[in-house]
Amino acid sequence: MKLQNIPFGQVLAGAGRIRYNPGVRILVTADLHYDIKRSREPAERLAETVRRVGGDVLVLVGDTAGADLEVFREGLQLFSDFPGQKFLVPGNHCLWCTGNETSIERYENLIPALAAEENFVVLDHNPAEINGVGLLGSIGWYDYSFRDESLGIPLDFYREKLSPGAARYFGGHEELLARHRDTITEKHLALGARWMDGWRVKLETTDEMFLNNLMEKLDRQLRDISSRARQIVVFVHHLPFLELVPKDRPDRFLFAAAFLGSEKIGEILLKYDKISHVYCGHSHWPGEIQRCQMKIINVGSTYIEKQLKVLEIEN
């Protein structure tokens, strides 16, 4: 079993696909953000790298694009000539809504239908098994368990997805501010940060309940595929372990830590000893940790620099 990171500059033009041993070669990337102007060219260069490197499987680990589904389609079409099997998990940006649609409708119906039209499979709903290797995915989500307690910001502000300073600046949150007037300080009021899911995601349930439902589903899928597969690789957009949250960041980034993932994701994964690798994205911050037999890798794509990970699993 080999894990490689393929920098763009090391793939020679005209060299054809890299040869590899029989088995399963899985190409993994994340956070294309193809709807964001500065991300489009890096995503296109990444797609060219994918074509040159070649593989059996391609997985996009969340945030292919945002609310505009036709731009989402364009992001998938970058890989239309990839000859292997193609999978994706949605990211939080993929659940951003337009019009009267809901995020659950996008997650359960609109994105899977669009993906199928472009020959992608959404792993959240359709786990796969290839040569004895199980592939499972989940968007994951957050329940504020990663929030930085050192900030001293009351939980209600995380549920509203804006800091005390942002609540005062944008207005309409006077009751929230009054409720915590004995807790929030001038330092809190100087912190202006908001998480845009609060304006663009329409779950029609709480973040905690959405996460619980996702984890119950992932648990069932892992239990089922563990009875058949010899090895399992999991792809989850949000971070499964606190150790992957970027450290030593300004306070506005520390506030955002609450929305990067959840301890519950890691708890589910640790139950299954056939999981060899877990890939995530979302934070745009590369990282790699080891938990028991699992290697957990944050792909680390940013808006302007995309990364490609290559996992070779030998028979």
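Only this structure's heavy atoms are used, side chains among them; waters, hydrogens and symmetry mates stay out. The shown structure was predicted, so the numbers you read here are calculated from the model rather than taken from an experiment. Residue numbers start at 1 and run along the sequence shown.
- Side-chain contact between Val233 and Val133 is present, with heavy atoms from C-beta onward closer than 4.5 Å.
- Hydrophobic clustering, with ILVMFWY side chains joined whenever heavy atoms are under 4.5 angstrom apart, groups Leu189 together with Leu191.
- Distance check: Phe255 CZ to Ile153 CD1 gives 5.5 Å after rounding to the nearest 0.5 Å.
- Within 6.0 Å of atom CZ in Phe170, more than 12 heavy atoms from other residues, nucleotides or ligands are found, so the atom counts as buried in its surroundings.
- Between the side chains of Lys306 and Ser39, at least one donor-acceptor pair of N or O atoms lies under 3.5 Å.
- Leu76 and Ile36 fall into different hydrophobic clusters, where Ile, Leu, Val, Met, Phe, Trp and Tyr side chains are chained together by heavy-atom contacts under 4.5 Å.
- Taking CG of Leu260 as the start and NE2 of His237 as the end, the distance is 9.5 Å to the nearest 0.5 Å.
- Ionic pairing of Glu149 and Arg147 is present here: one or more N-O contacts between side-chain nitrogen and carboxylate oxygen are shorter than 4.0 angstrom.
- A salt bridge links Arg51 with Glu48; the closest basic N to acidic carboxylate O contact falls under 4.0 Å.
- Environment of CZ in Arg252: sparse, with no more than 12 heavy atoms of neighbouring residues, nucleotides or ligands closer than 6.0 Å.
- Residues Phe253 and Leu242 are members of separate hydrophobic clusters, defined by side-chain heavy-atom contacts under 4.5 angstrom among Ile, Leu, Val, Met, Phe, Trp and Tyr.
- Heavy-atom contacts from other residues, nucleotides or ligands closer than 6.0 Å to CD of Glu41 number 12 or fewer.
- Between His238 and His282, the two ring planes are tilted [angle within 30° to 60°].
- The line from CG of Asn131 to CD of Glu314 is 13.0 Å long, rounded to the nearest 0.5 Å.
- The minimum heavy-atom distance between Ile130 and Phe87, with the atom names listed, is CD1-CE1, 4.2 Å.
- Counted by atom type alone, Ser276 and Gln231 present one or more donor-acceptor pairs between their side chains at under 3.5 Å.
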(request) Please report the C-alpha distance between Arg179 and Asp156 in whole Å, then the side-chain angles of each, then the deciding distance to 0.1 Å, and finally whether the side-chain contact (heavy atoms from CB on, under 4.5 Å) criterion is met. (result) CA-CA 10 Å; Arg179 191 188 321 149; Asp156 283 346; 2.5 Å; yes

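- Enclosure of atom NZ in Lys187 is not indicated, since only 12 or fewer non-hydrogen atoms of other residues, nucleotides or ligands lie within 6.0 angstrom.
- Heavy atoms only, all atoms of each residue included: Ala128 and Ile225 are closest at O-CD1, 3.4 Å.
- Checking each of Val61, Leu135, Leu88, Leu60 against Leu123 for a side-chain contact (heavy atoms from CB on, under 4.5 Å) leaves exactly one that passes, namely Leu135.
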Just do the side chain to side chain donor-acceptor pair (under 3.5 Å) check on His33 and His284 with the steps written out, would you?
CA-CA 11 Å; His33 288 289; His284 300 191; 3.2 Å; yes

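- Checking side-chain atoms of Gln221 against main-chain N and O of Arg223 turns up no donor-acceptor pair under 3.5 Å.
- Under 3.5 Å, the side chains of Asn298 and Trp285 contain no donor-acceptor pair of N or O atoms.
- Without hydrogens or angle criteria, Lys161 side chain to Trp195 main chain gives no donor-acceptor distance under 3.5 Å.
- Looking at Leu69 and Thr98, their side chains never come closer than 4.5 Å, going by heavy atoms from C-beta outward.
- Judged purely by atom type and a 3.5 angstrom limit, Ser145 has no side-chain atom pairing as donor or acceptor with the backbone of Ser262.
- Taking both residues in full, the closest heavy atoms of Ile265 and Pro240 are given as CG2-CB, 3.6 Å, listed atom of the first, atom of the second, then distance.
- By the 6.0 Å contact criterion, CZ on Arg181 is open, its count of non-hydrogen atoms from other residues, nucleotides or ligands being 12 or less.
- A salt bridge is absent between Lys271 and Glu267; no separation between the charged side-chain nitrogens and carboxylate oxygens falls under 4.0 Å.
- Judged purely by distance below 3.5 Å, without hydrogens or angles, the side chains of Tyr107 and Asp124 pair a donor atom with an acceptor atom.
- Using a 4.5 Å cut-off on side-chain heavy atoms (C-beta onward), Arg230 and Lys274 make no contact.
- The environment of CD1 in Ile304 is sparse: at most 12 heavy-atom neighbours from other residues, nucleotides or ligands sit within 6.0 Å.
- His93 places no side-chain N or O within 3.5 Å of a backbone atom of Gly62 that could act as its donor or acceptor partner.
- Residues Leu27 and Val57 fail the side-chain proximity criterion, which asks for heavy atoms closer than 4.5 Å.
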- Item | Criterion salt bridge (Lys or Arg N to Asp or Glu O under 4.0 Å) on Asp207 and Arg159, from CA distance to verdict | CA-CA 8 Å; Asp207 294 314; Arg159 291 195 171 111; over 6 Å; no

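- Of all heavy-atom pairs between Ile275 and Met294, the closest is O-CG, 3.2 Å.
- Checked for salt-bridge contact, Arg73 and Glu117 meet the test: a charged N lies under 4.0 Å from a carboxylate O.
- With salt bridges taken as basic N to acidic carboxylate O contacts below 4.0 Å, none links Arg168 and Glu174.
- With rounding to the nearest 0.5 Å, the separation of CG in Asp31 from OG in Ser301 is 6.0 Å.
- A distance of 5.0 Å separates CG in Leu239 from SG in Cys280, rounded to the nearest 0.5 Å.
- If you chain together hydrophobic residues whose side chains sit under 4.5 Å apart, Ile104 and Trp199 fall into the same group.
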(request) Just do the side-chain contact (heavy atoms from CB on, under 4.5 Å) check on Lys217 and His125 with the steps written out, would you? (result) CA-CA 9 Å; Lys217 181 178 181 179; His125 310 310; 2.7 Å; yes

Fill in: Test log, rule side-chain contact (heavy atoms from CB on, under 4.5 Å), inputs Ile26 and Tyr279
CA-CA 11 Å; Ile26 304 172; Tyr279 290 90; 6.0 Å; no

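- Contact check for Ser226 versus Ile232: side-chain heavy atoms found under the 4.5 Å cut-off.
- Between the CD atom of Glu74 and the CG atom of Asp68 there is a distance of 7.5 Å, given to the nearest 0.5 Å.
- Heavy-atom contacts from other residues, nucleotides or ligands closer than 6.0 Å to CE of Met196 number more than 12.
- Under 4.0 Å is where a charged nitrogen must lie from a carboxylate oxygen, and between Glu243 and Arg291 at least one such pair does.
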Hey, mind stepping through Phe79 and Asp81 against side-chain contact (heavy atoms from CB on, under 4.5 Å) and telling me if it holds? CA-CA 6 Å; Phe79 308 97; Asp81 56 357; 5.8 Å; no

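- Residues Leu176 and Glu160 are in side-chain contact: their nearest non-hydrogen atoms beyond the backbone lie under 4.5 Å apart.
- Counting only heavy atoms from C-beta outward, the side chains of Tyr158 and Leu151 approach each other to under 4.5 Å.
- Under the 3.5 Å distance criterion, the side-chain polar atoms of Arg25 are left unmatched by any main-chain donor or acceptor of Glu312.
- No side-chain heavy atom of Phe146 sits under 4.5 Å from any side-chain heavy atom of Leu244.
- The environment of Lys247 atom NZ is dense: over 12 non-hydrogen atoms of other residues, nucleotides or ligands sit within 6.0 angstrom.
- Closest heavy-atom contact between Leu222 and Ile268: CD1-CG2, 3.9 Å.
- Inspection of the Tyr142 and Asp197 side chains reveals an N or O donor paired with an N or O acceptor under 3.5 Å.
- Hydrophobic clustering (ILVMFWY, side-chain heavy atoms < 4.5 Å, transitive): Phe72 and Tyr303 are in distinct clusters.
- Residues Ser138 and Met215 share a closest heavy-atom pair of OG-CE, 3.9 Å.
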